[in-house]
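Residues take their numbers from the sequence shown, with the count starting at 1. What you see is a predicted model; the values in this text were computed from it and never measured.
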Amino acid sequence: MKRERSKVILLTREFRTLRQTLQEVESEALNLDQQESEKAAEQARLTTELEQARLEAIATSDSIGKIREQLAGVEQQQAQALTAAEVERNRSQLFSQQQVQETSELEELVRSQEQMAGSLQIIESSLVRLERRRDASQSGAHRA
């Protein structure tokens, strides 16, 4: 009788220990799932930001193309004005001023595009780090 009671006590303790361990493992699994969800959300946010930056870079590139076309037109008009008579001299100077202004705008857009490219690189690096962390986290979770 004492033996059976001792067995029951030991089995009860073992059951409680196993149940507690199971609860701890389940809690850790939930924690890891939450971390993975947070990282996935962060990755989605960064992916969205990257796509937005790409779209802005495309828009900037289009603007640069249009300004280059405008600049080419202004240069052509300037060349025609230079061949015109003395009366056209003032008109030629106006075109020259426009060219300087558009060149300045073009340079600003080029700088903006370079900054955008730097931002894209930073975001892509962040995405790569997040993917590596996620992969490492998933590898660690599979081993456990």
Distance col, row Ile58:CD1 vs Ser63:OG, nearest 0.5 angstrom, shows 12.0 Å
**Message:** Whether the side chain of Thr12 engages the backbone of Val8 through a donor-acceptor N/O pair (distance < 3.5 Å, no angle test) should be reported.
**Reply:** yes
inquiry  = If you count heavy atoms of other groups shown closer than 6.0 angstrom to CZ of Arg3, is the number above 12?
reply    = no
Report task. Could you tell me whether a side-chain N or O of Ser125 sits under 3.5 Å from a main-chain N or O of Gln121, the two making a donor and an acceptor? Result -> yes
CD (Glu102) and CD (Glu107) are apart, to the nearest 0.5 Å, by 12.5 Å
Looking at Glu38, I'd like to know if its CD atom is crowded, meaning that more than 12 non-hydrogen atoms belonging to other residues, nucleotides or ligands lie closer than 6.0 Å. yes
Can you tell whether the side chains of Glu42 and Arg134 come within less than 4.0 Å, N to carboxylate O? no
Check the pair Glu75, Leu71 against side-chain contact (heavy atoms from CB on, under 4.5 Å), reporting the backbone distance first and the verdict last. CA-CA 6 Å; Glu75 288 173 343; Leu71 181 60; 4.0 Å; yes
Between Arg111 and the options Glu108, Gln115, Gln113, the side chain to side chain donor-acceptor pair (under 3.5 Å) test singles out Glu108
Heavy-atom closest pair (Thr60 atom, Leu109 atom, distance to 0.1 Å) is CG2-O, 3.8 Å
In this structure, CZ of Arg45 is separated from OG of Ser126 (nearest 0.5 Å) by 8.5 Å
Rounded to the nearest 0.5 angstrom, the OG-CG distance for Ser137 and Leu130 is 11.5 Å
d(Lys7 NZ, Ile9 CD1) to nearest 0.5 Å is 13.0 Å
Check your understanding: Do Gln97 and Gln93 have side-chain atoms, one donor and one acceptor, less than 3.5 Å apart?
Key -> no
* Asked: Should Asn31 and Gln35 be marked as a side-chain contact (heavy atoms from CB on, under 4.5 Å) after you check the CA-CA gap, both sets of side-chain angles, and the distance that decides it?
  -> CA-CA 6 Å; Asn31 186 26; Gln35 288 176 3; 3.7 Å; yes
Looking only at atom types and distance, does a side-chain atom of Ser104 sit under 3.5 Å from a main-chain N or O of Val100, one as donor and one as acceptor? no
dist Gln23:CD -> Arg19:CZ (nearest 0.5 Å) comes out at 6.5 Å
Would Met116 end up clustered with Leu50 when hydrophobic side chains under 4.5 Å apart are linked, directly or stepwise?
no
Tell me whether Thr47 contacts the main-chain N or O of Gln43 through its side chain, where contact means a donor paired with an acceptor under 3.5 Å. yes
Handout entry: Heavy-atom check, side chain of Val128 versus side chain of Glu124, under 4.5 Å
Key = no
Leu106 and Ile67 have their tightest heavy-atom pair at CB-CG2, 3.9 Å
Q) Any donor-acceptor pair under 3.5 Å linking the side chain of Thr48 with the backbone of Ala44? A) yes
